Amino acid sequence: MNNIVENELELLDFHPASKDMLADVLRGLTAEHKWLSSLYFYDARGSQLFDEICELPEYYPTRTELAIMEANIDEMSELLGLRAMLVEFGSGSSLKTRTLLEHMDDLAAYVPVEISRDHLMQSAQELHRHFPGIEILPVCADFTQDFGLPEPAHPPLRNIVYFPGSTIGNFDPDDALDLLKRMAHIAEPGGGVLIGVDLEKDAATLERAYNDAAGVTARFNLNILERLNRELDGDFNLDAFSHKAVWNEQRHRIEMHLESSEDQVVRIRGHEIRFRAGETIHTESSYKFTLPRFEQLAAQAGLTVKHAWMDEKRLFSVQFLTTSG
């Protein structure tokens, strides 16, 4: 762990270990049911495409969550309380984070936690310029692993973990439970968690959100193969794979896949990966919740749902959970 001062901001750096990308990719592509980690979506091009997805008419989560935040921000800030330390899992400079920072009274500090040091410091600097009166203490860490918290100049009365978006749905149930337990630990007794939770709804709405008419999500999904070609000397023919997103009702999740249109062999750094026509690579899951099912998951992590704000169509929720004590 290092403390580094950069442009007036002190960074708490836990040196998160980077994955061996080649080993990770080969492990997924040689499995019985092929998969790739969704982490590899987010190179520069993938991040740009995801920003475009958030603006699509079919993709409801981003605009719906922001509308929920804006409509209920006074009640949210009152529940979060005075002199809280806000710890955001996944560094953000989005409108949702700004909306929250603008309305939290007497905030002790804002602590963005992000594994990408460059992205973390860029976001933290932008927020520092926008909110010069708030102490911003960036932490470079993998929030799915143990990390320590900085000590703000003004001791907080409570810790609040903030996890916007529907990212909790990208974790398989056991991993989601582990992450919620980690949030409860960071929040400490008497603290809380403010989290975005996407809700289960009709299959047509869900599948439209991940199969947009403009094909942006398809380009986002295929970009992962383009990244493997560029960074791991792969020879994927992108024209021989197609984007596929389906609702798996039994597992309560949207699944994104890349489907091979033919029998083919792909090479990555001298390793041959064989595909059958119709075989897929599972690239992402996005679990959707009912209110009772998420409440049960939170309870297993030692968290109690105190309030759930939703839009009129009940597409999405922002929920406030508290720890015991």
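Nothing here was measured: the structure is a model prediction, and the numbers come from that model.
- Residues Val25 and Trp35 do not share a hydrophobic cluster, clusters being chains of Ile/Leu/Val/Met/Phe/Trp/Tyr side chains in contact below 4.5 Å.
- In this structure, the side chains of Val111 and Leu86 stay at 4.5 Å or more apart for every pair of heavy atoms.
- Crowding of Glu207 atom CD: a count of heavy atoms from other residues, nucleotides or ligands under 6.0 Å exceeding 12.
- Between the side chains of Thr280 and His257, at least one donor-acceptor pair of N or O atoms lies under 3.5 Å.
- In this structure the side chain of Leu49 never reaches within 4.5 angstrom of the side chain of Asp51, judged on heavy atoms.
- How far CG of Asn223 is from NE2 of His243: 13.0 Å, rounded to the nearest 0.5 Å.
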**Request:** Could you go through the side chain to side chain donor-acceptor pair (under 3.5 Å) check for Glu188 and Thr323 one step at a time?
**Result:** CA-CA 7 Å; Glu188 299 181 344; Thr323 60; over 6 Å; no

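- Taking the six-membered ring for Trp and the full ring otherwise, Phe171 and Tyr287 have centroids separated by 6.0 Å or more.
- Under a 3.5 Å cut-off, the side chain of Glu135 and the backbone N or O of Ala153 do form a donor-acceptor pair.
- Atom NE2 of His307 has more than 12 neighbouring heavy atoms from other residues, nucleotides or ligands inside a 6.0 Å radius.
- Contact record, Leu137 with Ala109: CD1-CB, 4.1 Å, taken as the closest heavy-atom pair.
- Taking all atoms of both residues into account, the shortest heavy-atom contact from Gly165 to Phe316 is O-CZ, 3.6 Å.
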**Message:** Quick one, Asp118 with Ser116, criterion side chain to side chain donor-acceptor pair (under 3.5 Å). Give me CA distance, side-chain angles, the key distance, then yes/no.
**Reply:** CA-CA 6 Å; Asp118 291 342; Ser116 169; 5.8 Å; no

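- Proximity of the aromatic rings of Tyr42 and Phe220 is defined here by a centroid distance below 6.0 angstrom, and this criterion is met.
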**Chi angles and distances behind the salt bridge (charged side-chain N to carboxylate O under 4.0 Å, His left out) call for Asp146, Arg182** = CA-CA 8 Å; Asp146 291 336; Arg182 196 169 301 280; 2.6 Å; yes

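- Atom-to-atom distance recorded for Ile254:CD1 and Leu206:CG is 5.0 Å, nearest 0.5 angstrom.
- Note: Phe236 and Phe241 meet the aromatic proximity criterion, with ring centroids under 6.0 Å apart.
- Between Thr283 and Phe41, some side-chain heavy-atom pair lies under the 4.5 Å cut-off.
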**Item:** Worked verdict on Leu39 versus Asp24 for side-chain contact (heavy atoms from CB on, under 4.5 Å)
**Value:** CA-CA 11 Å; Leu39 289 174; Asp24 197 39; over 6 Å; no

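- Between the side chains of Asp235 and Asn229, no donor-acceptor pair is found at a separation under 3.5 Å.
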**Message:** Walk me through whether Gln319 and Leu291 qualify under side-chain contact (heavy atoms from CB on, under 4.5 Å).
**Reply:** CA-CA 10 Å; Gln319 304 194 31; Leu291 293 181; 3.6 Å; yes

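- Shown here for Phe275 and Val266, the closest heavy-atom pair between the two residues is CE1-CG2, 3.8 Å.
- More than 12 heavy atoms of other residues, nucleotides or ligands shown are found within 6.0 angstrom of CZ on Arg269.
- Around the CD atom of Glu78, the shell of radius 6.0 Å holds no more than 12 heavy atoms that belong to other residues, nucleotides or ligands.
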**Prompt:** Can Tyr110 and Phe131 be said to form a ring pair (Phe, Tyr, Trp, His ring centres under 6.0 Å), step by step?
**Reply:** CA-CA 10 Å; Tyr110 169 62; Phe131 298 98; 8.5 Å; no

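- Using a 4.5 Å heavy-atom threshold, the side chains of Leu82 and Arg158 count as separate.
- Residues Ala301 and Leu180 come closest through the heavy atom pair CB-CB, 3.6 Å.
- Using a 4.5 Å heavy-atom threshold, the side chains of Glu231 and Met21 count as touching.
- Between the side chains of Tyr210 and Ser286, at least one donor N or O lies within less than 3.5 Å of an accepting N or O.
- Under a 4.0 Å N-O distance rule, the pair Glu226/Arg45 does not qualify as a salt bridge.
- In this structure, CG on Asn221 lies 9.0 Å from CD1 on Ile281, to the nearest 0.5 angstrom.
- Residues Cys140 and Arg117 meet the side-chain proximity criterion, which asks for heavy atoms closer than 4.5 Å.
- For the salt bridge (charged side-chain N to carboxylate O under 4.0 Å, His left out) test with Glu200, the passing option among Arg251, Lys288, Arg253, Arg293 is Arg293; the others fail.
- A distance-only check finds a donor-acceptor pair linking the side chain of Asp20 to the backbone of Leu22 [under 3.5 Å].
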**Message:** Tyr60 vs Asp311, test: side chain to side chain donor-acceptor pair (under 3.5 Å). Steps then yes/no.
**Reply:** CA-CA 11 Å; Tyr60 61 86; Asp311 59 291; over 6 Å; no

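- Ion pairing of Lys201 with Asp198 is present here, as a side-chain N (NZ or NE/NH1/NH2) and a carboxylate O approach within less than 4.0 Å.
- For CZ of Arg274, the number of neighbouring non-hydrogen atoms (other residues, nucleotides, ligands) closer than 6.0 Å is 12 at most.
- Heavy-atom contacts from other residues, nucleotides or ligands closer than 6.0 Å to CD of Glu272 number more than 12.
- No side-chain donor-acceptor contact under 3.5 Å links Ser38 to the backbone of Glu284.
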**Message:** With side chain to side chain donor-acceptor pair (under 3.5 Å) as the criterion, how do Glu255 and Trp247 come out once you've worked through the C-alpha distance, each side chain's angles and the decisive distance to 0.1 Å?
**Reply:** CA-CA 6 Å; Glu255 296 177 359; Trp247 170 242; over 6 Å; no

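- Looking only at side-chain heavy atoms (C-beta outward), Asp178 and Thr144 stay at 4.5 Å or farther from each other.
- Under the 3.5 Å distance criterion, with hydrogens and angles disregarded, no donor-acceptor pair is assigned to the side chains of Thr167 and Asn170.
- For the atom pair Leu127 CG and Leu9 CG, the distance stands at 9.5 Å (nearest 0.5 Å).
- Applying the 6.0 Å contact sphere to NE2 of His130 captures more than 12 heavy atoms from other residues, nucleotides or ligands.
- Under 3.5 Å, the side chains of Ser123 and Glu114 contain no donor-acceptor pair of N or O atoms.
- Here the shortest heavy-atom pairing between Asp263 and Arg276 reads OD1-CA, 3.3 Å.
- Atom-to-atom distance recorded for Thr217:OG1 and Ile53:CD1 is 4.0 Å, nearest 0.5 angstrom.
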**Item:** Worked check of side-chain contact (heavy atoms from CB on, under 4.5 Å) between His282 and Lys34
**Value:** CA-CA 6 Å; His282 185 182; Lys34 291 181 172 63; over 6 Å; no

**Message:** For Arg230 and Asp43: C-alpha separation, side-chain torsions, deciding distance, then whether salt bridge (charged side-chain N to carboxylate O under 4.0 Å, His left out) applies.
**Reply:** CA-CA 11 Å; Arg230 184 178 65 253; Asp43 61 355; 2.7 Å; yes

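- At a threshold of 4.5 Å between non-hydrogen side-chain atoms, the residues Val139 and Leu149 do not count as touching.
- A 6.0 Å sphere centred on CG of Asp106 holds more than 12 heavy atoms belonging to other residues, nucleotides or ligands.
- The minimum heavy-atom distance linking Ile186 with Asn159 is given by the pair O-ND2, 3.0 Å.
- Atoms NE2 and CG, from His271 and Asp233 in turn, are 11.0 Å apart once rounded to the nearest 0.5 Å.
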